[in-house]
Amino acid sequence: DQQVKQNSPSLSVQEGRISILNCDYTNSMFDYFLWYKKYPAEGPTFLISISSIKDKNEDGRFTVFLNKSAKHLSLHIVPSQPGDSAVYFCAATGNQFYFGTGTSLTVIP
Amino acid sequence: DSGVTQTPKHLITATGQRVTLRCSPRSGDLSVYWYQQSLDQGLQFLIHYYNGEERAKGNILERFSAQQFPDLHSELNLSSLELGDSALYFCASSVGSGPYNEQFFGPGTRLTVL
């Protein structure tokens with residue numbers, strides 16, 4: 001049972017434009033959400049997080065939005081850069097961590 | 001470099017065998033988490049140890065076991081291996097035991113079961 005879902009396996013965006021990665025979850029008890037970025041042959045690295053008491057968190061070019069009523073999370077990257085090309089995983093925590101299947105972002109120069 | 005080390009990087013073995021994956025956390029981190037990433041799957045949480053004690057269990061099979069030693073390194077033991085156990089196995093470490101502590105991931109061990 002996949003409690004965290006990323007329905008878009010891949011996304012291509014032009015350099016300088018906005019990248020929007022989406023994530024849906026099913027468990028309303030989740031209270032903390034995270035995005036991780038993963039390059040090939042490396043482990044995931046933490047990118048940004050948001051608590052369920054907030055609806056937005058910003059860190060430089062990265063902003064995460066949380067819509068609790070829709071059980072939906074999104075990551076916005078503005079402007080997108082070629083170095084952002086990676087696989088992005090969203091994750092949610094309750095009593096344990098649940099990860100989505102990832103979205104492969106390609107930023108085209 | 002996250003500071004988390006995993007050995008070996010690659011492991012090829014046969015069905016029915018047993019293997020041990022090793023993880024050394026970042027200096028000062030007391031928590032170790034194990035994850036499995038199968039083809040086209042997200043990371044599946046397996047187990048969490050904090051300062052030598054098991055804190056949470058996820059979708060870990062009975063054929064799998066783990067432990068965290070007094071020096072805080074951890075080992076994941078996989079036995080009676082099946083083809084479906086072929087996957088990337090990641091460990092991650094964090095300072096504390098709660099979900100709000102940032103986890104730092106190792107580069108993973110790629111297990112291939114033939």
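Sequence lines set the chain letters: A, B, ... in the order given, protein chains first and strands last, and positions in each chain run from 1.
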inquiry  = Would you say that more than 12 heavy atoms from the other residues, nucleotides or ligands in this model lie under 6.0 Å from the CZ of A/Arg17, or not?
reply    = no
query = When hydrophobic residues are tied together by side-chain contacts of less than 4.5 Å, even through go-betweens, does B/Leu76 share a cluster with B/Leu88?
reply = no
key: Distance flag, aromatic centroids of A/Tyr32 and B/Tyr100, threshold under 6.0 Å   = yes
request  = Verify the neighbour count for atom CZ of B/Arg26: are there more than 12 heavy atoms of other residues, nucleotides or ligands below 6.0 Å?
outcome  = yes
message = Using the rule that Ile, Leu, Val, Met, Phe, Trp and Tyr join whenever any side-chain heavy atoms are under 4.5 Å apart, tell me whether A/Val87 and A/Leu47 fall into a single cluster.
response = no
Within one Ile-Leu-Val-Met-Phe-Trp-Tyr cluster: B/Leu78 and B/Tyr49, side-chain cutoff 4.5 Å = yes
ask   = Linking I/L/V/M/F/W/Y whenever any side-chain heavy atoms sit under 4.5 Å apart, do B/Leu72 and B/Leu46 land together?
value = no
query = Rounded to the nearest 0.5 Å, how far apart are OH of B/Tyr33 and CZ of A/Phe97?
reply = 5.0 Å
message = If I take atom NZ from residue A/Lys38 and atom CG from residue B/Leu43, how far apart are they, to the nearest 0.5 angstrom?
response = 8.5 Å
query = Transitively linked via ILVMFWY side-chain contacts under 4.5 Å: A/Tyr88 with A/Phe33?
reply = yes
task = Under 4.5 Å heavy-atom distance to chain B, tell me which part of A/Thr93 shows up: side chain, backbone, both or neither.
result = side chain
ask   = Side-chain contact, heavy-atom cut-off 4.5 Å: A/Tyr36 with B/Gln103?
value = yes
remark   = Heavy atoms of B/Lys57 and A/Gln96 approach each other most closely as O-NE2, 3.5 Å
query = Which bit of A/Phe89 comes within less than 4.5 Å of chain B, counting heavy atoms only: side chain, backbone, both or neither?
reply = side chain
query = What option among A/Ser49, A/Pro44, A/Ala91, A/Gly102 has the most heavy-atom pairs under 4.5 Å with chain B?
reply = A/Pro44
query = Looking at the rings of A/Phe46 and B/Phe104, which for Trp means the six-membered one, are their centres under 6.0 Å apart?
reply = no
